[in-house]
Amino acid sequence: MLVGWFEQNARDLPWRRTNDPYAIWVSEIMLQQTQVRTAIPYFERWMRALPTVESLARISSGRLHKLWEGLGYYTRVRNLQKSARMICQDHNAQFPQQYDAVRALPGIGPYTAGAICSIAFNQPTPILDGNVIRVLSRVFAITSDPKEPRTNTLLWQLAEALVTRAARLSPPSGCLPCSALNQSLMELGATLCTPRSPSCPLCPVQPHCGARQRGIQEQLPLPARRPATTQRHFLAFLVEHKERYLVRQRPDGMVNAHLWEFPNAEVKAPLSTKLDATARKMGLRIIDRKPLCTLKHSITRYRITLAAHRAEVVNLGTLADGHWFTRRQLDRLAFTSAHRQILRAATL
DNA sequence: CTCCAGGTTG
DNA sequence: CAACCTGGAG
């Protein structure tokens with residue numbers, strides 16, 4: 001019934017048009033922490049640029065990060081390449097099919113390993129992501145915190161029982177029952193069994209849904225409590241000289257590692273009286289005290305306000321890690337979303 | 001505007 | 001268990 005609904009209502013997504021485990025792996029990594037709508041154009045561009053594991057293993061770091069620019073969580077893309085190199089070394093460039101070998105690749109945890117093995121290889125491996133947690137919490141009316149170890153174990157057991165039963169039932173010919181079952185659960189969570197205002201009247205499972213019967217579907221699953229946020233303020237400087245712009249690359253091991261950005265510094269106060277002093281410390285002088293743009297963004301628990309100002313160079317030696325690039329060259333570098341926005345504001 | 005969602009890692 | 005990032009919903 002659920003699978004029947006899925007076969008009638010599945011969205012036509014690019015990674016559903018392939019059974020190449022490499023493509024399915026790439027799509028699953030992109031879909032970690034990322035909305036389907038956002039991932040689609042990235043996936044299509046990626047598969048054109050890097051159609052095989054070997055091409056991923058060989059691509060330069062710069063081009064690799066550019067393909068991921070704007071998706072966030074950039075360790076994902078470095079883990080993709082690290083895994084591709086492991087696959088070339090240890091698996092003869094063939095994507096492994098054993099669950100344990102899949103799980104051993106960096107960036108692949110229990111969810112992603114289960115998703116790849118079930119979707120690409122039709123193995124009865126369970127999956128439990130945010131969508132499935134929501135669907136199972138509601139169908140089985142689980143009122144305890146899904147993050148709590150006992151409840152989490154129960155949810156994994158339910159997911160496993162469902163996919164195992166799907167494998168056992170004699171399938172209609174030409175159907176991949178484990179793949180279809182797991183994708184059905186996720187599709188239901190993504191389209192009908194949504195976090196807020198679920199579309200219960202359209203749901204194929206509605207007659208069997210414990211939460212719906214009790215009228216508590218809107219309250220499940222129990223929301224996670226979130227950490228307190230911290231305000232932070234940054235000043236960034238757009239330095240243009242002879243048609244070139246001053247940028248730097250963030251070092252390994254920090255937030256947004258390997259991505260490019262404009263020179264910037266954290267300041268204590270939002271409307272900084274330290275604007276000139278901050279610039280001077282970096283060997284720069286403010287041209288226009290009116291910001292080129294101000295923008296807000298968040299990284300984990302930090303709420304960041306960033307103001308960008310045009311500036312000029314006073315002392316070139318102070319910014320040791322600076323590089324000068326033309327506008328055209330900047331377009332080939334991977335920037336964080338915040339700094340890509342500065343560039344857009346500057347050259348619009 | 002604020003709040004929220006979301007897998008893996010160290 | 002905190003850190004990682006961005007886009008979308010309300």
Side-chain angles (χ1 to χ4, degrees), chain A residues 24-43 65 68-83 102-117 119 125-135 137 145-149 152 155-156 159 182 185-186 189-191 193-199 218-232 234 250-261 270 294-306 334-342 344:
Chain A
I24 289 166
W25 167 47
V26 170
S27 75
E28 287 298 338
I29 301 299
M30 282 188 179
L31 290 166
Q32 290 171 3
Q33 327 297 307
T34 304
Q35 305 261 43
V36 164
R37 195 160 276 120
T38 305
I40 289 173
Y42 282 90
F43 177 79
H65 284 85
W68 209 265
E69 180 189 42
L71 274 181
Y73 292 106
Y74 297 96
T75 54
R76 289 185 293 170
V77 76
R78 289 190 289 280
N79 280 335
L80 273 171
Q81 185 172 56
K82 198 184 293 183
S83 295
V102 175
R103 177 67 181 81
L105 296 169
I108 297 186
Y111 161 74
T112 306
I116 292 171
C117 288
I119 296 172
T125 50
I127 54 164
L128 192 68
D129 70 346
N131 287 316
V132 179
I133 287 173
R134 196 164 51 251
V135 170
S137 297
D145 181 354
K147 298 291 175 224
E148 182 208 344
N152 190 257
L155 287 165
W156 274 106
N182 279 349
L185 289 171
M186 290 195 286
T191 60
C193 196
T194 50
R196 290 168 294 272
S197 33
S199 305
E218 306 256 2
Q219 280 89 62
L220 298 184
L222 236 58
R225 61 176 210 290
R226 29 191 69 258
T229 58
T230 306
Q231 299 285 337
R232 297 175 72 175
F234 286 79
R250 295 179 64 84
D252 199 12
M254 60 184 333
V255 171
N256 288 322
H258 300 244
L259 297 206
W260 292 83
E261 66 181 9
T294 63
L295 51 95
K296 290 177 185 295
H297 67 115
S298 311
I299 296 178
T300 67
R301 65 177 214 272
Y302 301 110
R303 310 277 295 259
I304 295 170
T305 310
L306 185 155
F335 278 69
T336 66
S337 285
H339 286 252
R340 181 56 68 185
Q341 284 183 57
I342 295 172
R344 197 178 322 136

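Sequence lines set the chain letters: A, B, ... in the order given, protein chains first and strands last, and positions in each chain run from 1.
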Listed by chain and number, what are the side-chain hydrogen bond (donor to acceptor under 3.5 Å, both in side chains) partners of [X], not counting sequence neighbours?
X	answer
Thr38(A)	none
Thr191(A)	none
His65(A)	Ser61(A), Arg78(A)
Tyr42(A)	none

Q. Mind checking which nucleotides bracket the chain A contacts on DNA chain C, 5' to 3', with an atom under 4.0 Å from a heavy atom?
A.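 Boundary nucleotides touching chain A, in 5' to 3' order, are dA3(C) to dG10(C).
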**Q.** Non-neighbouring partners of Tyr111(A) that pass side chain to side chain contact (heavy atoms under 4.5 Å, CB included), sequence neighbours left out
**A.**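 If we apply the side chain to side chain contact (heavy atoms under 4.5 Å, CB included) test to Tyr111(A), skipping adjacent residues, the hits are Glu28(A), Ala115(A), Ile127(A), Asp129(A), Met186(A).
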(Q) Among residues at least two apart in sequence or on other chains, which ones pass salt bridge (charged side-chain N to carboxylate O under 4.0 Å, His left out) with Arg303(A)? (A)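 Arg303(A) satisfies salt bridge (charged side-chain N to carboxylate O under 4.0 Å, His left out) with no other residue.
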Q: Might you point out which heavy atoms bring Val135(A) and Leu185(A) nearest each other, and give the distance in Å?
A: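 Result for this residue pair: CG2-O, 3.6 Å.
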Q) Residues in ring pair (Phe, Tyr, Trp, His ring centres under 6.0 Å) with Tyr73(A), at least two apart? A)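 Per chain and number, Tyr73(A) pairs via ring pair (Phe, Tyr, Trp, His ring centres under 6.0 Å) with no residue.
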Q. Which part of the nucleic acid, if any, lies within reach of Tyr111(A) when heavy atoms closer than 4.0 Å are counted: base, sugar-phosphate only, or nothing?
A.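 Touches sugar-phosphate only.
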Q) Base, sugar-phosphate, or nothing: which does Arg301(A) touch, judged by heavy atoms less than 4.0 Å apart? A)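 Sugar-phosphate, backbone atoms only, no base.
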(Q) Taking the nucleotide of DNA chain C with the nearest heavy atom to each, does Arg225(A) or Tyr73(A) sit closer to the 5' end? (A)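 This one resolves to Arg225(A).
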Q: On DNA chain B, reading 5' to 3', which nucleotide is the first and which the last to sit with an atom under 4.0 Å from a heavy atom of chain A, could you check?
A: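 Taking any atom under 4.0 Å from a heavy atom of chain A, the span is dC1(B) to dT9(B).
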